[in-house]
Amino acid sequence: MNKIGRDFNSDVVINHINHILKSNYIELPHKDTLINVILEINYFELEKIQTNIIRTLIRTKMLDKYRFNGLFHIVIDGTLYSTKINLGEQAIAKIYNKGKDNEYTLYSYYALEAKLVCGNMTFSFATEFVENEIYTDDNGNEIRKFDKQDCELKAAYRLLSKIKKRFPKLPIIIGGDALYLGKPFFELCDVYNFEYIIRYKETDAPTIKRNFDEIKIVSNAYEYQNDIIFGELKNKEFYTLNVISYNEENIDEETGEVTITNFSYVTSLNINERNKENIIALGRRRWKIENKGFKEQKSDVLNITHIYTKDCNGTKNLYLIIQFAHTLLNLLNYGNILIIGLMTTKNEVSDLIKKALTSTFKPLNLNHKIQLRLP
């Protein structure tokens, strides 16, 4: 931010900014002023922008080619940054080496993110922050309301509700890891008319494995079956879902050693011989939110893990602003013919934008529309 303050503190940049915003600034605000403003912004106003961006992209129909059987693929996962700096009561706090000389507390801000997966692109669809609630009991003792894991699951329920309210008629399939392998999550998806495909580990749900092994269909490296009972049938506390498993064989080119990697999922989608490969491919796209979402945002350009402020509201606002920047970089990198021709990275695209703002070589022409053609 110090570097941006130095690079942008010029008449050239001020003129460009005035041209873009149709404003009449005579100087740009100091970085501390920008942070102070960000701290005061109502977070819900930025959430409206987040929703409007997605609605605009969907209405253009340029994302329709990435649908799976008409469904938009939404993957949910969490990201956080941690520090020994006290981030306040709303941050998640965890004590390490308790009672020892090297005892310390790690404070974290945690965001549960829903991303729209479209090929190599991910777009911020909705965000639910995990906040450490503290309440006072009848004896005046301060108690933390939930720990990190419980909080993340509850945040997932709130996130599903938020998605339904924002996009009540949008056909959606929810993807996620084994953390969400539970009857309450599946039943909530049913209530909201969401399809789902969730990573399944045998150790997390032994009843699924037992019932699946009895009646599964084996087809080469694939195993699948519909209407598998999840839970105890005798107690009438069960849920039925569909299960698919795939064993991928990998051969080390140097040693010739063969390793097997298993990919198993539970899903609301009906599985058959024709679609089994596509369902496995859909489930494996879950890694996109980490590699094409969070990993890119942790780079030097967006630097999502940097502690710009200790303030909870300011952290939320900065997080969403970074999501907006990531969306714009995705659209430019994958949709603009000029950028595609240059074969640039997102880091280089960001650098090109900065050069355009700080250079007098060519005036910015923002009066014409830019056509995006996504692959």
Side-chain angles (χ1 to χ4, degrees), residues 1 3-5 7-8 13 16-17 19-21 31 34 38 41 46-63 65-66 72-77 79 81 111 113-127 285-306 308 315-359 362 364-366 368-375:
M1 294 185 71
K3 190 174 187 301
I4 289 175
D7 293 344
F8 283 17
V13 176
H16 285 327
I17 294 295
H19 177 60
I20 294 170
L21 300 181
K31 66 180 183 68
L34 290 174
I38 289 172
I41 294 175
L46 292 186
E47 279 197 309
K48 292 178 183 178
I49 297 176
Q50 181 187 44
T51 302
N52 287 336
I53 288 174
I54 292 297
R55 283 177 178 164
T56 301
L57 290 174
I58 290 174
R59 285 170 180 169
T60 64
K61 298 188 180 300
M62 65 179 174
L63 301 183
K65 67 186 78 174
Y66 303 108
F72 285 102
H73 189 199
I74 310 297
V75 176
I76 59 177
D77 201 1
T79 186
Y81 67 78
E113 178 76 7
K115 288 200 178 289
L116 173 61
V117 179
C118 299
N120 287 325
M121 300 171 292
T122 62
F123 302 107
S124 179
F125 195 82
T127 307
R285 282 190 212 164
R286 184 181 60 84
W287 69 271
K288 293 278 188 182
I289 192 172
E290 181 62 38
N291 287 350
K292 289 294 182 180
F294 296 144
K295 187 175 180 180
E296 290 178 348
Q297 293 175 18
K298 292 174 183 177
S299 66
D300 292 337
V301 173
L302 298 174
N303 207 356
I304 198 172
T305 57
H306 180 74
Y308 295 94
T315 297
K316 290 180 179 180
N317 290 336
L318 283 164
Y319 178 89
L320 283 189
I321 290 171
I322 290 173
Q323 301 311 307
F324 304 158
H326 184 245
T327 293
L328 292 174
L329 287 175
N330 264 317
L331 291 174
L332 287 171
N333 208 51
Y334 293 108
N336 185 274
I337 295 175
L338 175 61
I339 298 296
I340 293 173
L342 292 174
M343 300 180 68
T344 58
T345 65
K346 288 187 177 65
N347 290 25
E348 291 169 328
V349 172
S350 180
D351 191 50
L352 286 170
I353 294 171
K354 189 184 109 174
K355 286 179 179 178
L357 285 171
T358 57
S359 172
K362 183 179 179 181
L364 291 172
N365 184 0
L366 301 174
H368 68 283
K369 294 183 178 179
I370 297 175
Q371 187 177 41
L372 296 173
R373 294 182 179 272
L374 298 176

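The basis for the numbers below is simple: all heavy atoms, side chains too, and nothing from hydrogens, waters or symmetry mates. Heads up: numbering here begins at 1 and tracks the sequence.
For the atom pair Leu357 CG and Ile17 CD1, the distance stands at 5.5 Å (nearest 0.5 Å). Here the straight-line distance linking atom CG of Leu331 with atom NE2 of His326 works out to 10.5 Å at 0.5 Å rounding. Taking CG of Leu21 as the start and NE2 of His16 as the end, the distance is 13.0 Å to the nearest 0.5 Å. In this structure, Leu57 CG and Phe123 CZ are separated by 5.5 Å, a value rounded to the nearest 0.5 Å. Atom CG of Leu329 is separated from atom CD of Glu348 by 12.0 Å, given to the nearest 0.5 angstrom. Rounding to the nearest 0.5 Å gives a distance of 12.0 Å between CD1 of Ile49 and OG1 of Thr327.
Among all heavy-atom pairs drawn from Leu63 and Cys118, the shortest one is CD2-SG, 4.0 Å. In terms of heavy-atom proximity, Phe8 sits nearest to Val13 at O-CB, 3.4 Å. Contact detail for Thr122 and Asn330: the closest heavy-atom pair is O-ND2, 3.0 Å. Of all non-hydrogen atoms in Phe324 and Leu46, the two that sit nearest each other are CZ-O, 3.4 Å.
Side chains of Ile38 and Tyr308 form no contact here, defined as non-hydrogen atoms less than 4.5 Å apart. Considering only heavy atoms from C-beta on, Leu332 comes within 4.5 Å of Ile353 through its side chain.
Partners of Asp7 according to the side chain to side chain donor-acceptor pair (under 3.5 Å) rule, which considers only residues two or more places apart in sequence or in another chain, are Lys3, Lys354. Under the rule for a side chain to side chain donor-acceptor pair (under 3.5 Å), Ser350 has no partner lying at least two apart in sequence or in another chain.
For the 3.5 Å distance criterion, the side chains of Thr127 and Gln323 fail to qualify, holding no donor opposite an acceptor. In this model, a donor atom of one side chain and an acceptor atom of the other lie less than 3.5 Å apart for Ser124 and Glu113.
The 12-atom threshold is exceeded at NZ of Lys65, counting heavy atoms of other residues, nucleotides or ligands nearer than 6.0 Å.
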